[in-house]
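Atoms considered below: every heavy atom in the structure, side chains included; atoms not considered: hydrogens, waters and symmetry mates. This is a predicted model, so every value here is computed, not measured.
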Amino acid sequence: RDLRMSRGLGDVYKRQLILFFQSGIEGVCNNWTTLYLGQTTSIPENRALIALTCMVAGLTVARLLLVVLFKKIKQETVLRTSLITAVIGFALLTFAPGFARAAVGMVLIGAGLASTFPVILSIIGSRYASLSGTAFSVALVIALIGQTLLNSLTGIISQGYSIVVYPYMMIASLLVMLLLFKRSLK
């Protein structure tokens, strides 16, 4: 019983760490995308802001579509597919995008990030129903810490190297999320 409880807590921590990276990626996107596009492309600042808005639009539309998707597709499949979609979006940003490619990449990033909170909180809530309030609280604190730390880390690494590393850092974070999710399902 103690081993099962310990393993169960390990799984909840893995899921909460997924939210650490999720929230971090969302925060980094909002704070660093326009600088990245301004320094690595010829996209003017006002159009870079429009590209950033495309991420929010992708996130919003995808969250609305999740209501339908969750009725037809397992949430685990939706989350995996979503995170891969976000990786593709960041990959588009690395190929010296013009405005159209940046906008499409940002839509994919937003759409790809949309399912993480609903899926992870649903799993935490259903598997730990008697502790769901506590588990949600801890998950949200960890998510906020992720946003703060990933933003700071992006700034430090960008100063030490270049803002060019931004999409690669985000891809690496998404791959960590996929790995944590895979391990939390075992």
Side-chain angles (χ1 to χ4, degrees), residues 9-37 49 51-67 69-70 75-76 78-91 93 105-128 131-158 163 165-185:
L9 287 175
D11 289 343
V12 78
Y13 292 138
K14 288 174 193 163
R15 291 183 189 103
Q16 290 169 341
L17 272 174
I18 292 168
L19 297 181
F20 171 97
F21 287 101
Q22 161 71 24
S23 185
I25 292 169
E26 279 189 51
V28 169
C29 282
N30 286 320
N31 292 331
W32 294 93
T33 298
T34 55
L35 180 66
Y36 172 79
L37 292 174
L49 287 169
L52 179 58
T53 303
C54 288
M55 184 200 90
V56 177
L59 184 94
T60 303
V61 170
R63 285 226 170 114
L64 292 171
L65 291 174
L66 288 174
V67 174
L69 287 176
F70 286 149
Q75 60 185 4
E76 291 85 0
V78 171
L79 182 57
R80 280 190 204 103
T81 304
S82 295
L83 294 177
I84 291 167
T85 300
V87 168
I88 293 167
F90 280 113
L93 291 184
M106 294 306 290
V107 166
L108 292 175
I109 291 166
L113 295 175
S115 69
T116 308
F117 266 95
V119 169
I120 297 301
L121 291 178
S122 172
I123 292 170
I124 290 172
S126 64
R127 292 197 182 164
Y128 307 98
L131 299 171
S132 62
T134 302
F136 285 173
S137 296
V138 172
L140 293 174
V141 167
I142 289 172
L144 291 171
I145 291 169
Q147 187 169 107
T148 302
L149 292 180
L150 280 181
N151 262 300
S152 298
L153 183 62
T154 302
I156 292 166
I157 291 176
S158 293
I163 191 67
V165 301
Y166 153 69
Y168 299 104
M169 288 178 60
M170 299 303 97
I171 290 170
S173 295
L174 287 160
L175 295 176
V176 169
M177 289 170 67
L178 281 164
L179 180 65
L180 285 168
F181 188 62
K182 180 180 177 184
R183 293 206 172 172
S184 75
L185 294 175

Let me check something: any side-chain donor-acceptor pairs from residues 107-125 under 3.5 Å, sequence neighbours excluded? List them with distances.
residue, atom, partner, partner atom, Å
Ser115, OG, Ser82, OG, 3.0
Thr116, OG1, Gln22, OE1, 2.9
Ser122, OG, Gln75, OE1, 3.4

Which value, rounded to the nearest 0.5 Å, describes the distance between [X] atom [atom1] and [Y] atom [atom2]?
X      : Y      : atom1 : atom2 : result
Ser184 : Met177 : OG    : CE    : 11.0 Å
Gln147 : Ile25  : CD    : CD1   : 11.5 Å
Leu180 : Phe20  : CG    : CZ    : 10.5 Å
Gln16  : Phe136 : CD    : CZ    : 10.5 Å
Ile18  : Leu179 : CD1   : CG    : 9.5 Å

Is there a side-chain contact between [X] and [Y] in this structure, where contact means two heavy atoms from C-beta onward sitting under 4.5 Å apart?
X      : Y      : answer
Ile88  : Ile84  : yes
Met55  : Asn30  : yes
Met106 : Thr53  : no
Cys29  : Phe90  : yes
Leu19  : Ile142 : no

Just jot down the side-chain hydrogen bond (donor to acceptor under 3.5 Å, both in side chains) partners of Asn31, sequence neighbours excluded, or say none.
Asn151
Which heavy-atom pair separates Leu150 from Thr154 by the least distance, and what is that distance?
O-OG1, 2.7 Å
Considering only distance and modelled atom types, tabulate donor-acceptor pairs under 3.5 Å from the side chains of residues 166-174, sequence neighbours left out.
residue, atom, partner, partner atom, Å
Tyr166, OH, Thr33, OG1, 2.6
Ser173, OG, Met169, O, 3.0

